[in-house]
Amino acid sequence: MDNVLDLKVVKLFVDTCHQSWLKGWNERNGGNMSYRMKEEEVAQIRHLFDFSGEWRPIGLTVENLAGEFFTVTGSGKYYKNVLREPENNICIVQIDEKGENYKIVWGLCEGGVPTSEFPTHLLNHSIKKEKTNGAYRVIMHAHPANTIALTFLLPLEDKVFTREIWEMITECPIVFPAGIGVVPWMVCGSSDIAYATGEKIKQFDAVIWSHHGIFCCGQDFDVAFGLMDTIEKSAEILIKVMSCGGKKQFITREQILALAEPYNVPIDPGMLD
Ligand code: 13P
Ligand code: ZN
């Protein structure tokens with residue numbers, strides 16, 4: 001292979017950014033995405049990397065990510081432009097042997113640094129890598145409008161958001177049986193939002209950042225994107241229902257839990273208390 005952009009997973013990364021843009025979730029530079037690369041993927045393009053760049057501090061320590069490579073969007077870069085100029089809007093970084101520093105080895109050819117949320121992505125990759133025995137590889141953050149709107153309307157509690165969003169589409173409890181976490185408003189890119197999200201991500205695959213957006217993860221791009229898409233569509237239905245005078249009938253607690261057995265999913269009954 002003589003071009004990083006020919007690697008299938010890099011193409012998928014670029015395509016997922018573009019799909020997210022088409023959904024309207026990424027105004028301006030809103031949102032960011034990262035992918036923890038597989039060894040066999042890195043092996044195919046490693047000879048194209050430039051290792052002469054400087055190590056820069058991550059700002060926190062992620063020991064179990066030492067030596068790993070990530071594909072990640074650039075800070076301040078527009079999702080709108082990723083498909084047209086991927087090499088200027090995304091990059092590949094290596095994490096050092098202590099899990100404390102990173103180095104850009106490819107991309108951001110016109111300059112730049114990884115997303116300002118990179119410490120949050122890495123901390124949450126670290127937690128999910130451990131919890132899923134390495135299965136989870138993708139983290140996406142974006143600004144879908146209906147989900148954000150709900151954070152001005154509903155109490156900012158995990159159980160309230162889970163119940164309301166589960167109820168809007170029958171398949172929601174099947175798609176995210178653990179539910180959804182919610183964190184209060186926090187400064188974006190801060191270590192506070194990294195650690196608060198990290199606490200929630202131990203239990204959930206999706207965390208809503210109040211008055212800001214969603215943070216989702218999964219084993220691959222389809223799963224993480226599908227999760228965000230499902231939550232946002234459900235939030236859209238809820239906004240429509242609220243705008244039309246509110247619910248006149250409901251899916252009951254028992255009906256939601258009845259989905260667990262036929263679909264073999266561990267729907268958390270505790271989220272419905
Ligand atoms: P970046 O451009 O640094 O990725 O920031 C966008 C964003 O959505 C911050 O939460
Ligand atoms: Zn954001």
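We count ligands from 1, going down the list as the structure has it; atoms in each ligand are counted the same way. The structure displayed is predicted, hence computed values, not measured ones.
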### Task
Among all protein heavy atoms, pick out the one at the shortest distance from atom 7 (C) of ligand 1; state its residue, atom name and that distance to 0.1 Å.
Asn32 ND2, 3.4 Å
### Task
Measure the distance from atom 8 (O) of ligand 1 to every protein heavy atom, then report the residue, atom name and distance (to 0.1 Å) of the closest one.
Gly31 N, 2.9 Å
### Message
Could you check whether Lys200 pairs with Asp158 (Lys NZ or Arg NE/NH1/NH2 to Asp/Glu carboxylate O, under 4.0 Å)?
### Response
yes
### Message
At less than 4.0 angstrom from any non-hydrogen atom of Gly76, what atoms of ligand 1 do you find?
### Response
1 (P), 2 (O), 3 (O)
### Query
Any side-chain donor paired with an acceptor under 3.5 Å for His143 and Asn26?
no
### Message
I need the atoms of ligand 1 closer than 4.0 Å to a non-hydrogen atom of His141, numbered in the order shown.
### Response
8 (O), 10 (O)
### Message
Closer than 4.0 Å to some heavy atom of His143 - which atoms of ligand 1 meet that?
### Response
8 (O)
### Message
Regarding His212 and His141, do their side chains bring together a donor and an acceptor under 3.5 Å, going by distance alone?
### Response
yes
### Task
Decide whether Thr197 and Asn124 meet the rule of one side-chain donor and one side-chain acceptor closer than 3.5 Å.
no
### Summary
shortest atom 5 (O) of ligand 1-to-protein heavy-atom contact is with Ser116 OG, 3.5 Å
### Task
Just jot down the ligand 1 atoms closer than 4.0 angstrom to any heavy atom of His212, in number order.
10 (O)
### Task
Anything under 30° is parallel, anything over 60° is perpendicular, the rest tilted; go ahead and classify Trp166 against Phe176.
tilted
## Note on the structure
Closest heavy-atom approach to atom 4 (O) of ligand 1 among Thr73, Thr115, Asn29 is made by Thr115
### Query
Given atoms NE2 of His143 and NE2 of His212, what angle do they subtend at the Zn ion (ligand 2), to the nearest 10 degrees?
100°
#### Entry: Tyr136 and Asp205 side chains, donor-acceptor separation under 3.5 Å
yes
### Message
Return the closest protein heavy atom for atom 9 (C) of ligand 1 as residue, atom name and distance.
### Response
Glu117 OE2, 3.2 Å
### Message
If you apply the rule side-chain contact (heavy atoms from CB on, under 4.5 Å), what do you find for Val138 with Val223, and how did you get there?
### Response
CA-CA 9 Å; Val138 176; Val223 171; over 6 Å; no
